[in-house]
Amino acid sequence: MMSSIEAFRADTCAWLEANCPASQRGPARDGELVWGGSRVEFLNEDQRLWFERMRERGWFCPDWPTAYGGGGLSPEEDAVLQQEMKRLKCRPPQINLGIWMLGPVLLEYGTEEQKQRLLPPMARGEVRWCQGFSEPNAGSDLASLRTAAVDAGDHFVVNGSKIWTSYGDKSDWMYCLVRTDPQAAKKQEGISLVVLDMHAEGVEARPIDLISGKSAFCEVFFDNVKVPKDNLIGPLNGGWTLAKRLLQHERSAMSKFGDFCLPNHFDLMEIVNRYLPPDRQTPSDIALRARAQSLALDEQAYNLTVQRMGQQARAGQDVSGIAAIMKLVHTEQEKQKFELLVDVMGHRALGWEGDEFGEQELAISKAWLLSYTQTISGGSSEVQLNVIAKRVLQLPDAPKGGAQ
């Protein structure tokens, strides 16, 4: 007789087999992922079916309470669902930063009214969210942010700007850090977290192009934007604590993108063997193959650690320390991987457009350039090293005047 979790696995596997279209399995090419929101778009009928079937089952947020639109699964059941989706190579039915990052914070810190108002539309894929943290003069030093929210009775008036806001021009709402007490003794103590309507009067999002071409990043400007007081999440001037929680979820979310996007699904060793046939045994070729084998082992170790981290998180264990480490490891590994591919492929990895280069070659060229930006976004590698040293390893600050 099967245990309850074994029965759940069998039922889940059967349901996914019957409801996930074949076209929605395997890596997605550029533009093939569905983003939830008020203007959700589908490239084909299979995308729409997969979206609607998972939505009706509550599996956009499988481990959220059903009262807020989730699937109500236990940590063990959610782990089984993720395992079966990965085994069948099911694509996510939608991408939604609100679910990945803001939702868990709302469940922990939001009022009941905020949970009832904000979570169900998020869980149904009806609202697309973006994050307003970094500013032109407050990136890695986030606590130096200047976007101000001034108390105006029953609402705040927000002025300032944010930068590197992913999909700000396509989003419906933003969760945003603002300065509510410019006189606070410590700059971290005068920050609050609010949510605001991206369609409100005074909000303007401008796309930013990168060296790799068109990008998802935007700069967002606020000109006397009115934000109701009930859109304040957590306590007034208590946003720094919530920001740290959000950033933990952000680092996990950034790692997830590698599971869905085509460049990161290239078989490293297959490409190396294609461009460096085994019969080539020059010293440089041998050195490149050794680099590739080392990176392939590191990538496998990373993937296994991600699985372990997910299981620990579903079991309610604290994974904040390992999450901080994984962001650093993943982005640096990706940069090293694409640097290796450029070395192996030579000029074939330097194409930009045209029929002379294959689709994969063009994708690798852009992914190589993008890999450098990933070591900066979401907290630069240097900042991550400081975070790990102080908050994970709890190392003391270096003595003034230099190391002794």
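Only heavy atoms go into these numbers, but all of them, side chains included; no hydrogens, no water, no symmetry mates. Index from 1, following the sequence.
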*Report the C-alpha distance between E84 and K86 in whole Å, list the side-chain angles of each, state the deciding distance to 0.1 Å, and finish with yes or no for salt bridge (charged side-chain N to carboxylate O under 4.0 Å, His left out).*
CA-CA 5 Å; E84 290 303 310; K86 187 168 186 176; over 6 Å; no

*Go through S166 and Q131 one step at a time and tell me if the side-chain contact (heavy atoms from CB on, under 4.5 Å) criterion holds.*
CA-CA 7 Å; S166 300; Q131 175 174 290; over 6 Å; no

*Take Q336 and E332 through the side-chain hydrogen bond (donor to acceptor under 3.5 Å, both in side chains) test and state the conclusion after the steps.*
CA-CA 6 Å; Q336 293 169 17; E332 290 296 329; 4.7 Å; no

*Could you check T305 against R308 for side-chain contact (heavy atoms from CB on, under 4.5 Å), going step by step and ending with a plain yes or no?*
CA-CA 5 Å; T305 306; R308 175 168 60 85; 3.6 Å; yes

_side-chain contact (heavy atoms from CB on, under 4.5 Å) between L340 and L268, intermediate numbers included_ = CA-CA 9 Å; L340 170 70; L268 176 64; 4.1 Å; yes

*Step by step, would you call Y175 with V105 a side-chain contact (heavy atoms from CB on, under 4.5 Å)?*
CA-CA 11 Å; Y175 47 98; V105 172; over 6 Å; no

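Few gaps surround CD on E52; more than 12 heavy atoms of other groups in view lie less than 6.0 Å from it. Surrounding CZ of R146 are at most 12 heavy atoms belonging to other residues, nucleotides or ligands under 6.0 Å away. In this structure, E201 places its CD atom where only 12 or fewer heavy-atom neighbours from other residues, nucleotides or ligands lie under 6.0 Å away. Dense packing is recorded around NZ of K115, with more than 12 heavy atoms of other residues, nucleotides or ligands lying under 6.0 Å away.
The closest donor-acceptor contact from the side chain of N159 to the backbone of N224 lies under 3.5 Å. Panel note: side chain R55, backbone F60; no donor-acceptor pair is recorded below 3.5 Å. Proximity of a side-chain donor or acceptor of S365 to a complementary backbone N or O of G351 within less than 3.5 Å is detected. Remark: side-chain polar atoms of Q114 are paired, donor with acceptor, to backbone N or O of L232 under 3.5 angstrom. In terms of modelled atom types and a separation under 3.5 Å, the side chain of T147 and the main chain of S161 share a donor-acceptor contact. In terms of modelled atom types and a separation under 3.5 Å, the side chain of Q24 and the main chain of C20 share no donor-acceptor contact. Using modelled atom types, no side-chain atom of R128 and backbone atom of L97 make a donor-acceptor pair closer than 3.5 Å. Side-chain atoms of D169 never come within 3.5 Å of backbone atoms of C218 as a donor-acceptor pair (strictly under, hydrogens ignored).
Looking at T165 and E219, their side chains never bring a donor and an acceptor atom within 3.5 Å of each other. No hydrogens or angles considered: nothing links the side chains of K162 and S134 as a donor-acceptor pair under 3.5 Å. In this structure, a donor-acceptor pair under 3.5 Å is present between the side chains of E339 and Y372. Side-chain polar atoms of Q82 and D78 form a donor-acceptor pair below 3.5 angstrom. For the 3.5 Å distance criterion, the side chains of Q83 and R9 qualify, holding a donor opposite an acceptor.
Rounded to the nearest 0.5 angstrom, M174 CE and Y167 OH are separated by 15.0 Å. Here the CE-CD distance, from M326 to Q333, works out to 7.5 Å after rounding to the nearest 0.5 Å. Here the CG atom belonging to L49 is positioned 9.0 Å from the CG atom belonging to N19, to the nearest 0.5 angstrom. Taking CZ from R91 and CD from Q47, the interatomic distance works out to 7.5 Å, rounded to the nearest 0.5 Å. For the atom pair I364 CD1 and M345 CE, the distance stands at 4.0 Å (nearest 0.5 Å). Between the CD1 atom of I191 and the CG atom of N237 there is a distance of 9.5 Å, given to the nearest 0.5 Å.
Between W35 and W129, the gap from one ring centroid to the other reaches at least 6.0 Å.
Geometrically, K229 engages F156 in a cation-pi contact defined by less than 6.0 Å to the ring centre and at most 45° from the axis. By the 6.0 Å and 45° rule, K337 does not stack over the aromatic ring of W368. Taking the ring centre of Y275 as origin, the terminal cationic atom of R348 falls outside the region bounded by 6.0 Å and 45° from the ring axis.
Between V272 and V344, the shortest heavy-atom distance links the atoms CA-CG1, 4.1 Å. When all heavy atoms of L362 and G354 are compared, the closest pair comes out as CD1-O, 4.1 Å. Here the shortest heavy-atom pairing between G69 and A123 reads O-CB, 3.6 Å. For the pair G71 and W59, the tightest heavy-atom approach, listed with the atom from each and the gap, is CA-CD1, 4.4 Å. Scanning all heavy atoms of the two residues, the minimum distance from A184 to E189 falls at CB-C, 4.0 Å. In terms of heavy-atom proximity, W64 sits nearest to I99 at CZ2-O, 3.8 Å.
Side-chain contact between R117 and N231 is present, with at least one heavy-atom pair separated by less than 4.5 Å. Proximity of I233 to L106: side-chain heavy atoms (C-beta onward) are separated by under 4.5 Å at one or more points. Looking at heavy atoms from C-beta onward, I95 lies out of side-chain contact with V34 at the 4.5 angstrom threshold. When side chains are defined from C-beta on, E299 counts as touching E334, because their heavy atoms get closer than 4.5 Å. M122 places a side-chain heavy atom less than 4.5 Å from the side chain of L102. Taking the side chain as every heavy atom from C-beta outward, F338 and L370 never approach each other to under 4.5 Å. Residues L73 and L81 form a side-chain contact, since some pair of their non-hydrogen atoms from C-beta on lies under 4.5 Å apart. Considering only heavy atoms from C-beta on, M198 stays 4.5 Å or farther from D172 through its side chain.
Partners of W50 under the ring pair (Phe, Tyr, Trp, His ring centres under 6.0 Å) rule, at least two apart in sequence or in another chain, do not exist in this structure.
Every pair passing ring-ring contact (aromatic ring centres under 6.0 Å, His included) that includes a residue from residues 216-239 is listed here, sequence neighbours excluded: W164-F217. The ring-ring contact (aromatic ring centres under 6.0 Å, His included) pairs that include a residue from residues 105-128 number zero, where partners must be two or more places apart or lie in different chains.
Between R25 and E17, at least one side-chain nitrogen of the basic residue sits less than 4.0 Å from a carboxylate oxygen of the acidic one, meeting the salt-bridge criterion.
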